[in-house]
Amino acid sequence: MALVTLDDLRDAQKRIAGVAVRTPLMPCPWAETDAHTLHLKPESLQPTGAFKIRGAYNRLAVLTEEERARGVVAQSSGNHAQAVAYAARAMGIKAVIVMPDTSPAVKVENTRSFGAEVILVHMSERDTTPADLVAEHGYVWVPPYDDPYIIAGQGTVGLELAEDATALDLDLRTVLVPVSGGGLISGTAAALKLTMPGVRIVGVEPELAGDASESFRTGEQKVWPFERTHRTIADGLRTNSLGLLPWEHVQAYVDDIITVTEDEIRSTVAVLARRGRLVAEPSGAVSTAAYLHHADQLPQGRSVAAVVSGGNVDPSLLAELLA
């Protein structure tokens, strides 16, 4: 499969301009140590609360008029759902979103608020139901990560990181990125490796949903049963395997994938709120958790950036984690 190119990434950056927020690269003096400094890329500040708007808008922007008229269908635990619904409403496109019946209520409600039809199914049916709907209604499927336009859109995170690190004269050595299906890390890693060849990309996922880490270690794409990945509090990272195209990008551009524990994720959500003044959902906190709890596993080099991928956390869970 063809990897996304720098032209693909820059085209995506032009398409999403004015729709996705150019999130800042925030210094975190409270997290500085003798060995490392930390900057955060808070994608929680996006209009839908997560990075997913970048890929979703880029994908819908290249639909033909005939495809737009048919409408779109997508499956998601929440953040891709909201992004597709938001982008579809902006373009006047009908959107149907398939979500697990265990999705956080806040994500379901937000998706509906953007005008999408939401169909709740068992987690085991999330990834198969869209094909049935395509066959029945002719919708265009908008996958959450296994698509070159989705990957290129998410990769604009990496373009901004490179541009801002250069503008700040920051000797950026390591970038930590959450891993689920692999769209975000694929695009971000491609963008950074193609513009800042010396930077090292480290993926982070929950220990309880460590399929990507195992795949990386063994060199063979692994699939975990949903019963295993569903154990983690990080609901956005419960995908049971990297996508086919993301797996190609991971092998080409990613330097390591490490895991964090549930306690580390929980405590980091609280740290980001109290010290970083950022609301992060558990899925978005894993990269910062790796910095705070696994610095010994990070590559040599002082400057580290972590992508906070989203902030769509259920208020009751946030209150529990801050208690």
Side-chain angles (χ1 to χ4, degrees), residues 21-33 35-46 49-52 54 79 154-165 168 170-180 182-189 191-193 196 199-207 212-213 234 236-237 253-261 264-313:
V21 173
R22 184 188 178 100
T23 53
L25 193 55
M26 296 173 49
C28 300
W30 50 269
E32 184 172 344
T33 68
H36 297 106
T37 62
L38 177 67
H39 284 71
L40 296 178
K41 178 76 167 163
E43 287 295 291
S44 51
L45 302 180
Q46 291 294 346
F51 73 96
K52 291 282 191 176
R54 297 173 181 269
N79 287 336
Q154 320 304 27
T156 58
V157 169
L159 290 182
E160 292 175 10
L161 270 167
E163 292 163 359
D164 289 350
L168 293 170
L170 183 67
D171 185 20
L172 186 60
R173 296 298 183 90
T174 303
V175 176
L176 301 167
V177 186
V179 182
S180 184
L184 176 61
I185 194 168
S186 294
T188 300
L192 287 164
K193 291 291 188 176
M196 299 180 70
V199 72
R200 293 180 65 81
I201 312 300
V202 178
V204 188
E205 64 182 347
E207 190 176 83
S213 175
L237 306 183
Y253 294 127
V254 174
D255 296 288
D256 198 7
I257 299 179
I258 63 178
T259 62
V260 292
T261 69
E264 290 164 353
I265 296 170
R266 287 172 174 271
S267 67
T268 301
V269 170
V271 169
L272 284 170
R274 294 193 178 104
R275 303 299 305 276
R277 307 302 189 267
L278 288 173
V279 173
E281 61 189 281
S283 303
V286 296
S287 54
T288 310
Y291 174 88
L292 295 176
H293 298 281
H294 297 274
D296 59 323
Q297 292 181 252
L298 301 184
Q300 295 294 317
R302 183 160 172 74
S303 296
V304 178
V307 178
V308 180
S309 56
N312 291 313
V313 58

Hits for side chain to side chain donor-acceptor pair (under 3.5 Å) against Arg22, two or more places apart or cross-chain, chain-then-number order -> Glu163, Asp164
A side-chain contact here means heavy atoms from C-beta on lying under 4.5 Å apart; do Val204 and Val177 qualify?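 They are not in contact (no side-chain heavy atoms under 4.5 Å apart), so the answer is no.
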Can you tell if the side chain of Ser213 reaches within under 4.5 Å of the side chain of Ile258, non-hydrogen atoms only? no
All side chain to side chain contact (heavy atoms under 4.5 Å, CB included) counterparts of [X], not counting sequence neighbours:
X      : result
Arg200 : Asp255, Pro299
Thr288 : Leu38, Leu40, Thr268, Leu272, Leu292, Ala306, Val308
Ala270 : Arg274, Leu322

Using every non-hydrogen atom in the two residues, find where [X] and [Y] come nearest and quote the distance to one decimal.
X      : Y     : value
Pro24  : Leu45 : CD-CD1, 4.1 Å
Tyr291 : His36 : OH-O, 3.3 Å
Gly310 : Ser44 : C-CB, 3.7 Å

Set of salt bridge (Lys or Arg N to Asp or Glu O under 4.0 Å) partners for Glu264, sequence neighbours left out: none
Can you list every side-chain hydrogen bond (donor to acceptor under 3.5 Å, both in side chains) pair that touches residues 300-310, not counting sequence neighbours? Glu32-Arg302
Distance-only side-chain donor-acceptor flag, Glu281 / Asn79, under 3.5 Å: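 On atom types as modelled, these side chains qualify, holding a pair under 3.5 Å.
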What do the steps show when you test Lys52 against Glu43 for salt bridge (charged side-chain N to carboxylate O under 4.0 Å, His left out), and what is the final call? CA-CA 9 Å; Lys52 291 282 191 176; Glu43 287 295 291; over 6 Å; no
